[in-house]
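Comments concern the structure below.
Below, each value reflects all heavy atoms present in this structure, side chains not excepted, and no hydrogens, waters or symmetry copies. Everything quoted here is computed from the prediction, not taken from an experiment.
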2 protein chains.
Amino acid sequence: MVILTPVSDATFDRSRCSVAGTLAVVGEKWSLLVLREAFLGVRRFADLQQALGAPKAVLTDRLATLVREGVLSREPYRAEGERQRHEYRLTEKGRDLYPTLVALMAWGDRWLADGPPPLVLEHRDCGAAVRVALVCDDGHEVGGPREVRARAAGAGAERA
Amino acid sequence: MVILTPVSDATFDRSRCSVAGTLAVVGEKWSLLVLREAFLGVRRFADLQQALGAPKAVLTDRLATLVREGVLSREPYRAEGERQRHEYRLTEKGRDLYPTLVALMAWGDRWLADGPPPLVLEHRDCGAAVRVALVCDDGHEVGGPREVRARAAGAGAERA
DNA sequence: GAGCGAGGTTCGGCAAGCGAACCCAGCATG
DNA sequence: CATGCTGGGTTCGCTTGCCGAACCTCGCTC
């Protein structure tokens with residue numbers, strides 16, 4: 001019984017795969033956890049280090065990578081009576097990773113729960129819970145992978 | 001200018017964070033790419049190894065982890081005239097990671113594109129493109145993190 | 001000019017990832 | 001029977017990455 005239709009013999013250009021590309025940017029250890037903190041409003045090196053418990057050297061490297069990739073920006077600021085420091089803020093490119101983080105969180109809430117979820121997201125306007133959904137452009141809600149057909153579309157897919 | 005409301009002083013129990021928990025299961029190198037292939041219908045060791053180019057030892061370890069965690073199941077099968085072999089199939093727990101994969105793919109398509117996306121997903125029923133959306137339980141579409149409030153809710157959050 | 005604290009860098013050790021080589025069961029072939 | 005082939009691994013050295021701890025530095029305050 002074939003559940004999922006293979007992508008026309010599973011032939012597509014994996015070297016251009018967007019999943020792999022995204023993971024090349026945010027797939028190293030700690031990167032996504034740094035972004036989680038960023039979405040929670042944590043911006044300073046010391047606060048990140050404290051929240052995550054990651055080694056400083058690794059954190060330095062991850063922040064530099066994320067800045068280089070344009071996911072975070074490193075911006076100077078000064079509190080009064082202190083010298084200038086830097087903080088790390090999400091760019092639009094970074095904020096666009098929000099659905100990914102929410103999806104990871106939702107999966108953990110569902111499958112790894114040993115109690116109530118430690119963090120709930122609610123819509124600022126109406127207070128209702130926020131979740132990720134798979135939808136199609138005709139407005140249907142998509143139940144899962146079985147309802148989806150993957151089609152190789154990039155250059156190189158149309159070789160006979 | 002504070003864009004995101006910090007989670008009540010960013011105080012929540014990070015040791016129970018579902019993002020971290022999920023990454024502990026699927027966050028190692030290659031794991032999510034193995035799942036990408038699984039969603040494309042690839043099930044056999046040799047095919048996975050070929051598609052991914054990962055070292056066999058690493059692939060062996062990742063598959064064992066995913067099976068142990070219940071994301072994949074290892075099932076015997078036999079083709080006629082061949083000896084019994086095993087294949088790796090998504091469980092429900094594994095299929096539930098689909099939105100995560102789609103979210104990663106969508107981000108790559110948007111921000112790393114150097115041409116048309118190599119793979120497009122379409123709704124099997126209507127043919128329209130499939131994407132991930134953030135929605136709230138009242139049915140509103142959520143634009144982004146600025147419209148969401150994160151609230152620490154687990155045990156330990158209500159300490160004064 | 002001594003002390004301090006944020007934001008790093010450096011260092012030595014351990015773990016993980018890497019490609020290549022090897023292994024092994026079982027079917028097929030001579 | 002011997003021989004080879006093939007899928008599904010395991011083993012082996014090497015390199016890269018992660019780790020904690022220690023150290024450094026700049027700009028501030030006292």
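Phosphate proximity of D/dG9 to B/R74: present, with a side-chain N or O under 4.0 Å from OP1 or OP2. The phosphate of C/dA6 (OP1 or OP2) has no side-chain N or O of A/Y88 nearer than 4.0 angstrom.
Counting only residues at least two apart or in different chains, side-chain hydrogen bond (donor to acceptor under 3.5 Å, both in side chains) contacts with residues 101-112 of chain B comprise A/S18-B/D109, A/E92-B/R110, A/D96-B/R110, A/D96-B/W111.
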- Note on the structure: With B for base contact, S for sugar-phosphate-only contact and - for none (protein heavy atoms under 4.0 Å), nucleotides 17-24 of chain C reads SSB-----
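Within the 4.5 Å cutoff, no side-chain heavy atoms of A/L119 are placed close to those of B/R16. Proximity of B/L97 to B/L90: side-chain heavy atoms (C-beta onward) are nowhere separated by under 4.5 Å.
In this structure, B/R43 atom CZ and D/dG7 atom C1' are separated by 17 Å, rounded to whole Å. Rounded to an integer number of Å, the gap from A/L59 CG to C/dA6 C1' is 13 Å. With rounding to whole Å, A/D47 atom CG is found 9 Å from C/dA6 atom P. Look at CD on B/E75: it is 17 Å from C1' on D/dG8, rounded to the nearest Å. To the nearest angstrom, P of D/dG9 lies 12 Å from CD of B/E87. Regarding B/R85, its CZ atom lies at a distance of 11 Å from the P atom of D/dT6, rounded to whole Å. Here D/dG20 presents its C1' atom at 16 Å from CG of A/L52, a figure rounded to the nearest Å.
Remark: B/E87 engages B/R89 in a salt bridge, criterion side-chain N to carboxylate O under 4.0 Å. A salt bridge does not link A/R124 with A/E122: none of the charged nitrogens is closer than 4.0 Å to a carboxylate oxygen.
Here the CD atom belonging to B/E28 is positioned 10.5 Å from the CG atom belonging to B/L23, to the nearest 0.5 angstrom.
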